[in-house]
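What follows is a single structure, written as structure tokens, with notes after it.
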Amino acid sequence: MRYLPVSIDTRDKKILVVGGGQVAYRKVKSLLPTEFSIDIVSSSFIDDFKNLQANPRLSFIWKKVDSDFVLDSYDYLLIATDSKTANEILEAKAREKKIPFLNASKSENSDFIMTKLVASEDLTISLSSGGKNPALLGIIAKDLEELIRNIDQEKISALNDLRQKLKDQGEKNIGSIIVDLYKKPLADIKKYGEENCK
């Protein structure tokens with residue numbers, strides 16, 4: 001496995017997305033749940049971007065990318081243009097400045113990839129086909145979304161709260177306690193918390 005799935009802290013981080021087409025739009029939409037400050041550079045934008053213009057974390061920069069393009073200081077770069085030349089220029093500039101980048105048209109050149117996320121309030125599942133079969137990945141993601149919808153979110157939240165209380169008390173067997181309680185009704189979880197947590 002070349003790319004290790006990890007979660008990064010996006011708070012107070014800046015990402016530059018270069019491109020104004022459908023791929024760039026999809027990537028920007030997937031970044032919206034994060035806390036990234038997002039700059040988007042392109043000489044033109046598809047109409048779909050109009051729906052995002054009111055978002056205060058997004059800045060639209062109307063600019064052509066060529067060899068004179070100045071890559072400012074960003075924490076991450078997402079390349080999503082339809083120009084092979086522009087993509088290569090951006091890759092070279094990112095490497096020179098040591099900015100981790102994703103080239104959406106050539107992920108094997110990239111420092112990171114973006115996975116498909118399936119999320120609820122307290123759970124996030126990350127999926128990737130490594131670019132081999134995005135359509136199949138979409139089908140599997142929908143199946144997982146259905147699975148997550150059927151999980152008792154109140155029970156998950158109660159177990160999360162209980163785990164924190166047990167951790168604060170210095171409990172040594174938290175994992176086995178949580179696994180055992182997960183199989184029980186919510187009322188039993190709450191009762192266990194009342195009886196065993198100060």
Side-chain angles (χ1 to χ4, degrees), residues 1-19 23-41 52 55-59 71-80 90-91 94-95 97-168 171 174-179 181-182 189:
M1 177 174 60
R2 178 178 169 192
Y3 294 100
L4 176 68
V6 297
S7 297
I8 60 170
D9 184 0
T10 60
R11 182 173 294 161
D12 300 323
K13 302 284 192 319
K14 287 178 66 178
I15 187 167
L16 175 65
V17 178
V18 184
V23 173
Y25 176 73
R26 284 198 309 269
K27 296 296 184 188
V28 169
K29 289 252 314 180
S30 69
L31 293 170
L32 292 179
T34 71
E35 294 187 26
F36 272 126
S37 171
I38 306 166
D39 288 351
I40 311 159
V41 172
L52 306 179
N55 189 312
R57 289 190 302 109
L58 302 183
S59 296
L71 181 59
D72 292 324
S73 295
Y74 286 92
D75 297 293
Y76 298 92
L77 170 64
L78 205 159
I79 304 167
L90 289 163
E91 279 189 21
R95 283 193 184 98
K97 290 205 164 189
K98 300 194 180 333
I99 298 172
F101 69 89
L102 163 62
N103 182 342
S105 65
K106 206 168 185 182
S107 60
E108 66 272 14
N109 282 11
S110 304
D111 296 315
F112 65 94
I113 58 173
M114 291 175 64
T115 59
K116 173 76 175 162
L117 296 180
V118 177
S120 68
E121 186 177 328
D122 290 310
L123 293 172
T124 302
I125 300 170
S126 174
L127 302 169
S128 173
S129 68
K132 292 177 185 165
N133 201 332
L136 180 60
L137 191 66
I139 294 167
I140 293 169
K142 285 184 181 175
D143 288 345
L144 286 172
E145 285 168 359
E146 181 66 27
L147 176 68
I148 284 181
R149 269 195 297 275
N150 292 324
I151 291 174
D152 185 343
Q153 295 298 323
E154 189 177 358
K155 185 176 183 179
I156 297 298
S157 182
L159 286 168
N160 288 344
D161 291 344
L162 177 61
R163 180 188 179 278
Q164 187 59 53
K165 288 175 183 172
L166 292 171
K167 191 175 167 188
D168 292 344
E171 174 61 53
I174 296 173
S176 58
I177 292 168
I178 296 298
V179 168
L181 287 173
Y182 179 76
I189 295 168

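Basis for what follows: all heavy atoms, side chains included, without hydrogens, waters or symmetry-related copies. Numbers here are sequence positions counted from 1.
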| task | Taking the side chain as every heavy atom from C-beta outward, state whether Ser37 and Lys13 have any pair of such atoms under 4.5 Å apart. | result | no
| query | Can you check whether Ile174's main-chain N or O pairs, donor with acceptor, with Arg163's side chain at less than 3.5 Å? | reply | no
| query | Under a 4.5 Å cut-off applied to non-hydrogen side-chain atoms, are Asp39 and Tyr74 in contact? | reply | yes
| task | Would you please say whether a donor-acceptor pair under 3.5 Å links the side chains of Thr115 and Ser126? | result | yes
| query | Are Val118 and Thr124 close enough that some pair of their side-chain heavy atoms sits under 4.5 Å apart? | reply | no
| said: Would the distance check show the side chain of Asn150 and the main-chain N or O of Glu146 forming a donor-acceptor pair, the cut-off being under 3.5 Å? | reply: yes
| Heavy-atom closest pair, residues Ile189 and Ala158 | CG2-CB, 4.1 Å
| Below 4.0 angstrom, N of the basic side chain to O of the carboxylate: do Arg95 and Glu91 qualify? | yes
| query | Where do Phe101 and Asn109 come nearest, in terms of heavy atoms and distance? | reply | CZ-O, 3.2 Å
| said: When you compare the side chain of Leu166 with that of Leu162, does any pair of heavy atoms fall below 4.5 Å? | reply: yes
| Heavy-atom pair with the smallest gap, counting every atom of Gly19 and Ala24 | O-CB, 3.2 Å
| Nearest 0.5 Å, what's the CG-OG distance between Asn103 and Ser110? | 5.0 Å
| request: Step through the shown structure and confirm whether more than 12 heavy atoms of other residues, nucleotides or ligands are within 6.0 Å of NZ on Lys116. | output: no
| query | How many angstroms lie between CG in Leu78 and CG in Leu16, if you round to the nearest 0.5 Å? | reply | 9.0 Å
| Hey, what do you get for CD1 (Ile178) to CG (Leu159), rounding to the nearest 0.5 Å? | 5.0 Å
| Do you know the tightest heavy-atom contact between Lys29 and Leu52? | CD-CD2, 4.3 Å
| task | Decide yes or no for Ile8 and Tyr76: does some side-chain heavy atom of the first lie under 4.5 Å from some side-chain heavy atom of the second? | result | yes
| said: Atom CZ of residue position Arg11 - does it have more than 12 heavy atoms of other residues, nucleotides or ligands inside 6.0 Å? | reply: no
| Once you round to the nearest 0.5 Å, how far does OG of Ser107 lie from CD1 of Ile79? | 12.0 Å
| request: Answer with yes or no whether the side chains of Asn160 and Gln164 bring together a donor and an acceptor at under 3.5 Å. | output: no
| Can you tell me how far CZ of Arg149 sits from CD1 of Ile151, rounded to the nearest 0.5 angstrom? | 11.5 Å
| message | How about CG on Asp12, more than 12 heavy atoms from neighbouring residues, nucleotides or ligands closer than 6.0 Å, or not? | response | no
| task | Provide the closest heavy-atom pair for Ile113 versus Ser128 in the form atom of the first, atom of the second, distance. | result | CD1-OG, 3.7 Å
| note | Output for pair (Ile140 CD1, Ser129 OG), nearest 0.5 Å, gives 8.5 Å
| Taking all non-hydrogen atoms of both residues, which atom of Asp111 and which atom of Ile99 are closest, and how far apart? | OD2-O, 3.9 Å
| query | Under the side chain to side chain contact (heavy atoms under 4.5 Å, CB included) criterion, do Leu31 and Met114 qualify, and how do the steps go? | reply | CA-CA 10 Å; Leu31 293 170; Met114 291 175 64; 3.8 Å; yes
| request: Find out whether Asp75 and Ile15 are in side-chain contact, i.e. whether some heavy atom of one side chain is under 4.5 Å from a heavy atom of the other. | output: no
| said: With a 6.0 Å cut-off (strictly less than), is the heavy-atom count around CD of Gln153, excluding the residue itself, greater than 12? | reply: yes
| field | Cationic tip of Lys14 above Phe36 ring, under 6.0 Å, 45° of axis | value | no
| request: Carefully, step by step, assess Leu77 and Leu102 under the rule side chain to side chain contact (heavy atoms under 4.5 Å, CB included). | output: CA-CA 6 Å; Leu77 170 64; Leu102 163 62; over 6 Å; no
| request: Kindly indicate whether the side chain of Ile125, heavy atoms from C-beta on, has any atom under 4.5 Å from the side chain of Leu117. | output: no
| request: For the pair Lys97 (side chain) and Leu71 (backbone), establish whether a donor and an acceptor sit closer than 3.5 Å, ignoring hydrogens and angles. | output: yes
